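Values below: all heavy atoms of this structure, side chains included; hydrogens, waters and symmetry mates excluded. From a predicted model like this one, the values you see are computed outputs, not experimental measurements.
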Amino acid sequence: MAEVITMPRLSDTMTEGKVAKWHKKVGDKVKEGDILAEIETDKAVQDFESEIEGTLLYVGVEEGNAAAVDSVLAIIGSEGEDISGLTGGSTPAASGSEEKKSEEESKTENETTSVEQTTAEVPAGVEIITMPRLSDTMTEGKVAKWHKNVGDTVKEGDLLAEIETDKAVQDFESEFNGVLLKQGVEEGGAAPVDSVLAIIGPEGTDVSGVGAAKPAVQSQAEKPVEQKAEAKTEEKAASAVSSSSTDRVAISPLAKKMAQEKGVDINAVQGSGENGRIVKKDIENYQPSAKPAASASAPAVSAAAQVAVNFVQGEDTETPNSQVRNIIAKRLSESKFTAPHYYLMVEINMDKAIEARKEINSLPDTKISFNDMIIKATAIALRKHPQVNSSWAGDKIIHRGNINIGVAVAIPDGLVVPVLRNTDQMSYTQISAAVKDMASRAKSKGLKANEMEGSTFSISNLGMFGIETFTSIINQPNSAILSVGAIVEKPIVKDGQIVVGNIMKLSLACDHRVVDGATGAEFLQTLRTYLESPLTLLL
């Protein structure tokens, strides 16, 4: 019997969805886990996969059109099955065609960077690729590197370019086969979301009048042409190495979300979908196995200093801001000047934590760091103090139902905060593996935007640099951030005697709108108990 598939609600605020691309046509066979279409929501473009098998009998929304949530998106059933009773003789797919046509006619000549404007001028077989929206807050993207040049043959799945967003640098793959006929944005240039990024089509096609993009802003336009050419040559020579380290895992969005919620490492999951794609049932049936950690002495949070600047006596130099640096400046300024910060500091005796870590690391294939222990203890402490795991929302306070800890990682461009989802449900080894993986990919710019969203509390650790104490700026919408210093041997009083102890200082920055002083102090008391007596974590 035919099944009606409705427009899904892919975000909390979504009221309608736009079909950016159909991956199946009427008459095509559909298997469970196959991608039916790409749905553009109010936040991002997401793959939408089928949960049933059969033949695609009807498309309710044409490519490029929008429809309300829960309206008919498609109908799947047996080949040749009569579905007139389900469609009612209507043609919802064409519902927005007249409006779209009138909008295209009313576009001005100055808006030539949009797909709608250029559709009438596009030769047969030519595809216009626009600047994608790779994060919820992205308004423009910068082409950090082109992996294909004009005239190169492009296959579906080939890496076209690296796009720098306001959060990270991400690989952007082609969804079409053909020849790269035009680059709408030069390497190093930026362009708004939905403007023309590239044009792909049959070799020799004239696309000079298609998608005339605004001139790209060059971040280093004043550099000599010779230096620019040398830089491009060096990047080209290194492309083989860089591309080999940024392989992408084929996984459906639903499966990825489930993996994040369950703390499953998708690199360890064997996909059963088309071409090894990981689908929903693979995550549901996955049984984790213990993995050996990479190194006992490696710090849990990898830190990288800013890009080195050569000092030349008497000569001022400039470094153009990256997208990441600009957004860091904006967000931290907003946080510091809108959230009333206050700070609480406490000293922790880490003697028993040191002993516990030695015992844990004596187990086969188990290596954890002090940072892993702090993350675990913090997550459990947040269970007892949910007010600290909350967010300010103007006229209300949102108490988060999950404990997702963001771990600050330094990269050459600034600072990113990858998120460990449901941290309180993770073991030491799971935390250790996840942090090392994310820190490594952060330095190689391999993190995805959704891996840096959704934190409810943040931790910043500068202990590996020998910093004993410091304060941090709250990573909004969190209401607190924990700053972790180095473990230092100091004289302490124990049982009336002066002895040598291992002391670590913690600093908690709180948003006073959400977390009162007493609440923050109680949270630190609980955290100190867990770290000074690690066995209490088992209670």
Aromatic plane relationship, F523 with F457 - under 30° parallel, 30 to 60° tilted, over 60° perpendicular: tilted
Side chain to side chain contact (heavy atoms under 4.5 Å, CB included) between Y343 and L508, worked out: CA-CA 6 Å; Y343 305 94; L508 182 69; over 6 Å; no
Gap between atom CG of D171 and atom CD of E162 - 0.5 Å precision: 5.5 Å
Aromatic ring proximity, centroids under 6.0 angstrom, F470 and F465: no
Salt bridge present between K490 and E468 (N-O < 4.0 angstrom): yes
Could you list the donor-acceptor pairs under 3.5 angstrom formed by side chains in residues 373-383, with sequence neighbours left out?
from : atom 1 : to   : atom 2 : distance (Å)
K376 : NZ     : D424 : O      : 3.4
K376 : NZ     : M426 : O      : 2.7
T378 : OG1    : I374 : O      : 2.7
R383 : NE     : D424 : OD2    : 3.1
R383 : NH2    : D424 : O      : 3.1

Trace of the salt bridge (Lys or Arg N to Asp or Glu O under 4.0 Å) decision for E522 with K384: CA-CA 10 Å; E522 290 170 355; K384 293 194 172 183; over 6 Å; no
V435 side chain reached by I431 side chain, heavy atoms, under 4.5 Å: yes
Candidate pair D511 and Y342, rule side chain to side chain contact (heavy atoms under 4.5 Å, CB included), full reasoning: CA-CA 7 Å; D511 182 345; Y342 72 91; over 6 Å; no
R357 (side chain) donor-acceptor with I368 (main chain) under 3.5 angstrom: yes
Nearest non-hydrogen partners of P418 and M438, listed with the distance: CB-SD, 3.4 Å
Sub-4.5 Å side-chain heavy-atom contact between V19 and N65: no
Evaluation steps, side chain to side chain contact (heavy atoms under 4.5 Å, CB included), between N361 and L363: CA-CA 5 Å; N361 285 348; L363 299 173; over 6 Å; no
Residue list, salt bridge (charged side-chain N to carboxylate O under 4.0 Å, His left out) with E38, at least two apart or on another chain: none
Closest contact, heavy atoms only, I474 versus C510: CD1-C, 3.4 Å
Over all atoms of both residues, closest heavy-atom pair of N461 and G485: OD1-O, 4.5 Å
Residue pair M452 / V417, side-chain heavy-atom distance below 4.5 Å: no
Side-chain donor-acceptor contact under 3.5 Å, N389 with T456: yes
Test item: V419 and N450 side chains (from C-beta on) under 4.5 Å apart, heavy atoms: no
Carboxylate-amine/guanidinium proximity below 4.0 Å for E40 and R133: no
Any donor-acceptor N/O pair, Q430 side chain to S427 backbone, under 3.5 Å: yes
Sidechain-backbone polar pair: S432 side chain, T429 backbone, donor-acceptor under 3.5 Å: no
Set of residues satisfying salt bridge (charged side-chain N to carboxylate O under 4.0 Å, His left out) with respect to K21, sequence neighbours excluded: none
Evaluation steps, side chain to side chain donor-acceptor pair (under 3.5 Å), between S369 and D372: CA-CA 5 Å; S369 69; D372 301 329; 3.1 Å; yes
Pairwise distance CD1(I492) to CD(Q497) - rounded to 0.5 angstrom: 12.0 Å
Validation: residues 392-401 side-chain donor-acceptor distances under 3.5 Å, sequence neighbours left out:
from : atom 1 : to   : atom 2 : distance (Å)
H399 : ND1    : S390 : OG     : 3.0
R400 : NE     : S391 : OG     : 3.2
R400 : NH2    : S391 : OG     : 3.3

Check: T536 main-chain N/O paired with Y530 side-chain donor or acceptor under 3.5 Å: no
For the student: nearest non-hydrogen atoms of L506 and L527, plus distance: CD1-CD2, 3.7 Å
Closest contact, heavy atoms only, T130 versus F172: O-CZ, 4.4 Å
Exam field: side chain S479 to backbone V388, donor-acceptor pair closer than 3.5 Å: yes
Worked check of side chain to side chain contact (heavy atoms under 4.5 Å, CB included) between I403 and N422: CA-CA 5 Å; I403 296 173; N422 298 310; over 6 Å; no
Side-chain touch K18/V61, heavy atoms, less than 4.5 angstrom: no
Separation between CD1 of I405 and CG of L420, rounded to the nearest 0.5 Å: 7.0 Å
Between CG on residue N402 and OG1 on residue T423, distance to nearest 0.5 Å: 9.5 Å
Enumerate donor-acceptor pairs with a distance under 3.5 Å from any side-chain N or O in residues 348-355 to protein atoms, sequence neighbours excluded.
from : atom 1 : to   : atom 2 : distance (Å)
N349 : OD1    : D351 : N      : 3.0
D351 : OD1    : N502 : N      : 3.2
D351 : OD1    : N502 : ND2    : 2.8

E32: salt bridge (charged side-chain N to carboxylate O under 4.0 Å, His left out) partners, not counting sequence neighbours: none
Under 3.5 Å side-chain donor-acceptor pair for N404 and S455: no
Nearest-0.5 Å distance, OG of residue S335 to NZ of residue K330: 13.5 Å
D282 vs V269 side-chain heavy atoms within contact, under 4.5 Å: yes
Side chains of M504 and V484 in contact at under 4.5 Å (non-hydrogen atoms): yes
Spatial distance of atom CD1 (I481) from atom NE2 (H341) [nearest 0.5 Å]: 8.0 Å
Donor-acceptor pair, side chain of E532 and main chain of T529, under 3.5 angstrom: no
Distance-minimising heavy-atom pair for P8 and V69: O-CG2, 4.2 Å
Heavy-atom donor-acceptor pair, T338 side chain to E334 backbone, under 3.5 Å: yes
Distance-only polar pair, side chains of S50 and D34, donor-acceptor under 3.5 Å: no
Modelled atom types, side-chain donor and acceptor of D516 and T519, under 3.5 Å: no
Pairwise side-chain contact, I39 with M7, heavy-atom cut-off 4.5 Å (strictly under): yes
